[in-house]
Amino acid sequence: MINLANLTTERRNETTFGLDEMSVAEAVKLMNQEDHKVSEAVAEQLPQIEKVIAATIEAFTNGGRLIYMGAGTSGRLGVLDAAECVPTFGVEPEMVIGLIAGGQKAMTVAVEGAEDDAELGAQDLKELNLTANDMVVGIAASGRTPYVIGGLDYARSIGATTGTIACNKQAEISQHAELPIEVDCGPEFLTGSTRLKSGTAQKLILNMISTISMIGIGKVFNNLMVDVKPTNEKLVERSKRIIMQATDADYETAARYFEEAEQNVKLAIVMILTNSSKAAAAEKLVQANGFVKKTI
């Protein structure tokens, strides 16, 4: 039998006793107060988060991938972060991957027993043809999910770099990774509901890992997402605005270069800033490893 008594994420929150008798106003205020504790808890883990990001940048630089894996809410958050890297940073879907115990259907329905299958975690990584250049981050609010542990053990066995995000101190998964992150937000507002403070903490950390790692490989110029994919009307207009902000060009100029660059925002920016043709600007970006600042 699993002993959950020592897990912070399973303890009852004394400040929310009588939750079912509170008014909506009281519950909202109290939930907001609890949520304030999340960023403070994450701040305590910034040195460990920095290490995970540095390792992820190294993996990308060496042609590797970032692979998240988890079960339930933890797995869904990893899948979400991976999916959002594609339009935000213009990367291929294979560069950042989210694995969830039980596969795609587990995004919306619980898959019985999947999170307890350590071999399934290893198998999912084998099917991705995991290499030593990849970075694997296991996510588990409880810090003990067998699916994640199985994946981490396999990743380490082939030399991939491993990190973890747990919402309990002295988490079991931390023993199976080189770079563990343990964030303690205190007991949940609703006892055991780790989609709340734990989920928020995980999302904040995942935001840091993916965003700052992408900055580290040249996907950002100043504070602009210059590799954004203009996949809809809003993003087309945002792309033109980014070109204007990066170059001080007017709207008409930005729009013209945007089209000349075949809707490649970064290329359009380099064309304007270096007064180069499309071909010359593309070559400058290659020489600069994709960093706009190194082309000017």
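Quantities reported herein were computed from a predicted structural model and do not represent experimental measurements.
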Q. Where is the tightest heavy-atom contact between Leu19 and Ala27, given as atom of each residue plus distance?
A. CD1-CB, 4.4 Å
Q: Quick one: list whatever passes side-chain hydrogen bond (donor to acceptor under 3.5 Å, both in side chains) with Glu188, sequence neighbours left out.
A: Ser198
Q) Minimum heavy-atom separation for Glu115 to Ala71, with atom names? A) CB-CB, 3.3 Å
Q. Is Ile139 close to Thr164 at the side-chain level, that is, under 4.5 Å between some pair of heavy atoms?
A. no
Q | Closest non-hydrogen atom pair, Gln287 against Glu283 | A | NE2-OE2, 2.7 Å
Q. Quick one: salt bridge (Lys or Arg N to Asp or Glu O under 4.0 Å) pairs with a partner in residues 120-135, sequence neighbours left out?
A. Arg65-Asp134, Glu119-Lys126
Q: Begin from the C-alpha positions of Gln245 and Leu224 and carry the test side chain to side chain contact (heavy atoms under 4.5 Å, CB included) through to its verdict.
A: CA-CA 8 Å; Gln245 292 168 327; Leu224 301 170; 3.4 Å; yes
Q) Do Val111 and Lys105 have side-chain heavy atoms sitting under 4.5 Å apart? A) yes
Q. Does the side chain of Ile165 reach to within under 4.5 Å of the side chain of Val137, using non-hydrogen atoms?
A. yes
Q: Please report the closest heavy-atom contact between Ala288 and Lys294, naming both atoms and the distance.
A: CB-CB, 3.6 Å
What pairs of donor and acceptor atoms, side-chain ones from residues 51-59 against any protein atom, are under 3.5 angstrom apart with sequence neighbours left out?
residue : atom : partner : partner atom : Å
Lys51   : NZ   : Gln48   : OE1          : 3.1
Thr56   : OG1  : Val52   : O            : 2.8

Q | Connected via hydrophobic side-chain network under 4.5 Å: Ile212 and Leu204 | A | yes
Q. Does Glu237 have any salt bridge (charged side-chain N to carboxylate O under 4.0 Å, His left out) partners at least two apart in sequence or in another chain, and if so, which?
A. Lys240
Q: Applying side-chain hydrogen bond (donor to acceptor under 3.5 Å, both in side chains), name anything that partners Lys169, two or more places apart in sequence or on another chain.
A: none
Enumerate donor-acceptor pairs with a distance under 3.5 Å from any side-chain N or O in residues 81-95 to protein atoms, sequence neighbours excluded.
residue : atom : partner : partner atom : Å
Asp81   : OD1  : Ser210  : OG           : 3.3
Asp81   : OD2  : Tyr68   : OH           : 2.8
Asp81   : OD2  : Ser210  : OG           : 2.9
Thr88   : OG1  : Glu84   : O            : 2.7

Q: Return yes if some donor-acceptor pair links the side-chain N/O of Asn168 with the main-chain N/O of Thr9 below 3.5 Å, else return no.
A: yes
(Q) Within a 6.0 Å radius of atom CZ on Arg156, are there more than 12 heavy atoms belonging to other residues, nucleotides or ligands? (A) yes
Q: Indicate yes or no: at least one non-hydrogen side-chain atom of Phe258 is less than 4.5 angstrom from one of Leu267.
A: no
Q.
Checking Gln202 against Ser74: is there a side-chain donor and acceptor pair closer than 3.5 Å?
A. yes
(Q) Which Ile, Leu, Val, Met, Phe, Trp or Tyr residues join Met244 in one cluster when any pair of side-chain heavy atoms under 4.5 Å counts as a link? (A) Tyr251
Show me, pair by pair, the donor-acceptor contacts under 3.5 angstrom made by side chains of residues 173-181, not counting sequence neighbours?
residue : atom : partner : partner atom : Å
Ser174  : OG   : Glu182  : OE2          : 2.5
His176  : ND1  : Asp153  : OD1          : 2.7
His176  : ND1  : Asp153  : OD2          : 3.4
Glu178  : OE2  : Thr162  : N            : 3.2
Glu178  : OE2  : Thr162  : OG1          : 3.4

Q | Quiz item: cation-pi between Lys293 and Phe291, 6.0 Å / 45° | A | no
Q) Does any N or O in the side chain of Ser277 come within less than 3.5 Å of the main-chain N or O of Ala280, such that one atom is a donor and the other an acceptor? A) yes
Q | Counterpart residues, side-chain hydrogen bond (donor to acceptor under 3.5 Å, both in side chains), relative to Asn129 (two or more places apart) | A | none
Q) Do Leu66 and Ile49 sit in the same hydrophobic cluster, where Ile, Leu, Val, Met, Phe, Trp and Tyr count as joined when their side-chain heavy atoms come under 4.5 Å apart? A) yes
Q: For Lys197 and Asp35, run side chain to side chain contact (heavy atoms under 4.5 Å, CB included): C-alpha distance rounded to whole Å, both residues' side-chain angles, the deciding distance at 0.1 Å, then the answer.
A: CA-CA 6 Å; Lys197 288 194 295 184; Asp35 285 342; 3.8 Å; yes
Q: Please test Thr16 against Leu190 for side chain to side chain contact (heavy atoms under 4.5 Å, CB included), starting from the C-alpha separation and ending with a verdict.
A: CA-CA 8 Å; Thr16 63; Leu190 180 65; over 6 Å; no
Q: Show your working on side chain to side chain contact (heavy atoms under 4.5 Å, CB included) between Val228 and Ile242 and close with a plain yes or no.
A: CA-CA 9 Å; Val228 63; Ile242 289 171; 4.0 Å; yes
Q: Check whether any side-chain N or O of Arg76 sits under 3.5 Å from a backbone N or O of Met107 as a donor-acceptor pair, and report yes or no.
A: yes
Q | Check: Thr253/Asp250 side-chain N/O donor and acceptor closer than 3.5 Å | A | yes
Q: Any chance you could measure Gln170, atom CD, to Leu7, atom CG, to the nearest 0.5 Å?
A: 11.0 Å
(Q) Is any side-chain heavy atom of Met208 closer than 4.5 Å to one of Leu46? (A) yes
(Q) Please enumerate all residues that pass salt bridge (charged side-chain N to carboxylate O under 4.0 Å, His left out) together with Glu26, with sequence neighbours excluded. (A) none
Q) At their closest point, which heavy atom of Val79 faces which heavy atom of Gly98, and how far apart are they? A) CG2-O, 3.6 Å
Q) Is a side-chain N or O of Thr145 found less than 3.5 angstrom from the main chain of Tyr147, in a donor-acceptor match? A) no
Q. Has Gln33 got more than 12 heavy atoms of other residues, nucleotides or ligands less than 6.0 Å from its CD?
A. yes
Q.
I'd like to know if the side chain of Ser239 pairs up with that of Gln263 as donor and acceptor (distance under 3.5 Å, no hydrogens or angles considered).
A. no
Q: Work out which heavy atom in Val270 is nearest to a heavy atom in Ala281; give both atom names and the distance.
A: CG1-CB, 3.8 Å
Q: Could you tell me which residues satisfy side-chain hydrogen bond (donor to acceptor under 3.5 Å, both in side chains) with Ser213, sequence neighbours excluded, listed by chain and number?
A: none
Q: For atom CG of Asn32, decide whether the heavy atoms of other residues, nucleotides or ligands shown that lie under 6.0 angstrom number more than 12.
A: yes
Q.
Taking salt bridge (Lys or Arg N to Asp or Glu O under 4.0 Å) as the cut-off, I'd like each qualifying pair that reaches into residues 255-277, sequence neighbours left out, listed once.
A. Asp227-Lys266, Arg256-Glu260, Glu262-Lys278
Q. Between Lys37 and Glu34, is a salt bridge (Lys or Arg N to Asp or Glu O under 4.0 Å) present by the stated rule, with each step listed?
A. CA-CA 6 Å; Lys37 300 175 183 178; Glu34 286 296 307; 2.8 Å; yes
